[in-house]
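Only a predicted model underlies this, so the values are computations on that prediction, with no experimental measurement involved. The sequence lines fix the lettering, A, B, ..., with proteins before strands; numbering per chain opens at 1.
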Amino acid sequence: MDVTFFYTALGVYLISAVGYVASILTRRVWVAKLSTWIMGAAFGVHFISFAFRYLATGHNPVVSIYDTLSLLAWILSGVYLVLQLKTKTRVLGAFVAPVTFLLMIAASYRMAGPVAIPPILRGGLVPFHVILSVTGEALFVLASLAGAMYLMQDHLIKNKKVTSFTRFLPSLKELDRINHICLLWGFPLLTLGVLAGSVWARTAWGSHWQWDPKQIWTVLVWLIYAVLLHQRLAIGWKGHKAALYSILAFLVLMVSFCIEAFFFETVHNFI
Amino acid sequence: MNIILIGMNHKTAPLEIRERLSLSCREEADALSEIIRISQIDEALYLATCNRVEVLAKTAAAETAVDRLKGFIYRQGNLSAEELEQCLYIYTDRDAVRHLFRVTSSLDSLVMGEPQILGQVKDAFRQAVEKNTTGVILNKILHHAFRTAKRVRTETDIAENAVSVSYAAVELAKKIFGDLKGKTILLVGAGEMSELAARHLVNQGVDRILVANRSYARALNMAEVFKGTAVDFAQLGEKLQEADIVISSTGAPHFVITADMVATALRRRKNRLLFLIDIAVPRDIEPQAGEIDNVYLYNIDNLQEIVDENLKARKLAARRAEAIIEEEVLKYEQWRSTLEVVPTIVSLREKFAAIAERELRKSEGWMQNLSNEDKQHIEIIIHSIINKITHEPIAGLKDESQNGGAKPYVAAVRRLFRLDADDT
């Protein structure tokens, strides 16, 4: 059942992504509004998929990297929907919805039914570690998407290429604000997530730190975001530089995310 | 019944003539009363703006009405017949309605898509309603025109983008800062265009204005006009730090604001976005300032380019708008054509009702013996028989009118049922 719901959610995310893009092309607000509701529906269906997995296995439904991607997609759309309520920037959806869909495609690469959970993931801290880190990362995804939109808008206005696309994108101030809010919330969440992970590592492996590639990259990512946030808050990095940096930081985050799946031998790979 | 529209606009009449007309009309505010006094005219609307004079009227005798309207305008403007003929356009029926729709939708305006004309037509309509010079037909047409204007506005980009330099600056400011509430603007130097832009920005919520001028007295003057603060010209560098939008238009032969000044100010203001508008020729702001991160510099040519692009976009939107106008004119025609058959349908129904009434009265004598309930039943049956019999011909008339071929049927029905005879 969980797999069926997963694929249903994937389909509905696709519809909402198409809707958002169509709303840009047709410039009709009601299309964007409808797409928001469709995304909400996808979010609900996706949740049902997780719930079924939990009921079938009786444990944390996020085990493999593919589950994590799926969780990232779910939280990303959830965070976006909340943000949408607060900022009324629907255009962001045209960027978020396709990304969510792509995450779901990546997740579907090895989406099977319930699997047996390795004993190491049976700890009470593991769900906290996963949910906090993934929510932090989802906020960073949003920060970088807002950053990308900022760079587009900045480029257009700076070079006097005022087109209909300029009018469609939100104002620079608004995009900078979204970027700022996402960093501000994402960083503490990721910090807590990493701490929960390291506490659990001590219980499971006997030490907080294993010199594992995943751990090293994660700390690197954490440091980069720490610097970015510091520059924003203390030095007054705003606009162009902050947007650019948050995109670069996100690229490093992507590497860290892919490590456990594709590149290195890591203790963080469980299945 | 005919609809006629007679008028002149900025394309057909030179300014001197339009001036004479709109002036005389303003003095004599009762133009409308005079028009409605023309006996051939049943309903009338009179629209006079600085760019156009139009009379829309419903009449039963189009040719006479047009002649008399011409006479009216001729007297109003104190024009010779020759002058008048050159400037006037006359439309009837469908063309008159199309012209009105185009005017109301701002397709016929000097600056296409400008929003004022809709309000002006609405005012003219309000006046006509107050003076009671419109009736069913013109009311319907005017409401249709307002609906059409709304469609054009929402479905095309005709009114979307700024077509003046100062509005283009306001739009850019909104794309940079979003909400302009609480923003500060610094006016450097004086000038018509910078004052206009400042006024637009104030309307959008900018609430703090700093004014710098080489002559402090002049700065004080302007500050008073805008309820702002005059600042010393020597303090310009420091004030850059406080301002979000700078509009510069001095007559200085050299740069008044250098890239260094901007860079310093930006550091001090912690990189908050800065929008620089340079409308001076020669330029006031060093172009390199625009290369600094978070600084957006536009000169007069840049703004003019945006305006030109927007004008092009409006022309494109106008084509879509014309299609909407045609659709709406078609809808009007359909409504109008059913109107032709309405009087016939009404007389037909009245005739049958009268017959039933008469026959019932004749039978009153023997019906005395019936109970009230039975009498009512008989009446109901009679009326439902009439409705059944007339249903098909009435539906047929309506159908034919939609197809535009109702005339022979209307004539036939009137003749067969003797609707025009007095003996009913």
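The NZ atom of A/Lys158 sits 10.0 Å away from the OH atom of B/Tyr298 when rounded to the nearest 0.5 Å. For the atom pair A/Leu169 CG and B/Lys175 NZ, the distance stands at 7.0 Å (nearest 0.5 Å). Between the CG atom in B/Leu303 and the NZ atom in A/Lys160 there is a gap of 9.5 Å [rounded to 0.5 Å]. Going from atom OH of B/Tyr296 over to atom CG of A/Leu172 covers 4.5 Å, rounded to the nearest 0.5 Å.
Looking at B/Glu171, only its side chain comes within 4.5 Å of chain A, counting heavy atoms on both sides. Proximity to chain A (any heavy atom under 4.5 Å) is shown, for B/Ile176, by both the backbone and the side chain. Contacts of B/Asn310 with chain A are made by side-chain atoms alone, with heavy-atom separations under 4.5 Å and no backbone atom involved.
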Can you give the donor-acceptor pairs under 3.5 Å from side chains of residues 131-146 of chain A to other protein atoms, not counting sequence neighbours?
from     : atom 1 : to       : atom 2 : distance (Å)
A/Ser133 : OG     : A/His129 : O      : 2.5
A/Thr135 : OG1    : A/Ile131 : O      : 2.6
A/Ser144 : OG     : A/Phe140 : O      : 3.3
A/Ser144 : OG     : A/Val141 : O      : 2.8

Donor-acceptor pairs under 3.5 angstrom involving side-chain atoms of residues 246-253 of chain A: please list them, not counting sequence neighbours.
from     : atom 1 : to       : atom 2 : distance (Å)
A/Ser246 : OG     : A/Asn179 : ND2    : 3.0
A/Ser246 : OG     : A/Ala242 : O      : 3.3
A/Ser246 : OG     : A/Ala243 : O      : 2.9

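Other residues, nucleotides and ligands place more than 12 heavy atoms under 6.0 Å from the CZ atom of B/Phe146. In this structure, B/Phe226 places its CZ atom where more than 12 heavy-atom neighbours from other residues, nucleotides or ligands lie under 6.0 Å away. No more than 12 heavy-atom neighbours from other residues, nucleotides or ligands sit within 6.0 angstrom of NZ on B/Lys312.
A/Lys173 is not listed as a side-chain neighbour of B/Lys174, based on a closest heavy-atom distance of 4.5 Å or more. Inter-residue side-chain proximity for B/Asp293 and A/Trp237 is flagged as unmet; no heavy-atom pair is nearer than 4.5 Å. B/Asn294 has its side chain within reach of A/Lys238: a pair of non-hydrogen atoms, C-beta onward, lies under 4.5 Å apart.
For residues 260-287 of chain B, the interface with chain A (any heavy-atom pair closer than 4.5 Å) comprises B/Lys270, B/Asn271, B/Arg272, B/Leu273, sorted by residue number. Residues of residues 315-327 of chain B never come closer than 4.5 Å to chain A when only heavy atoms are counted.
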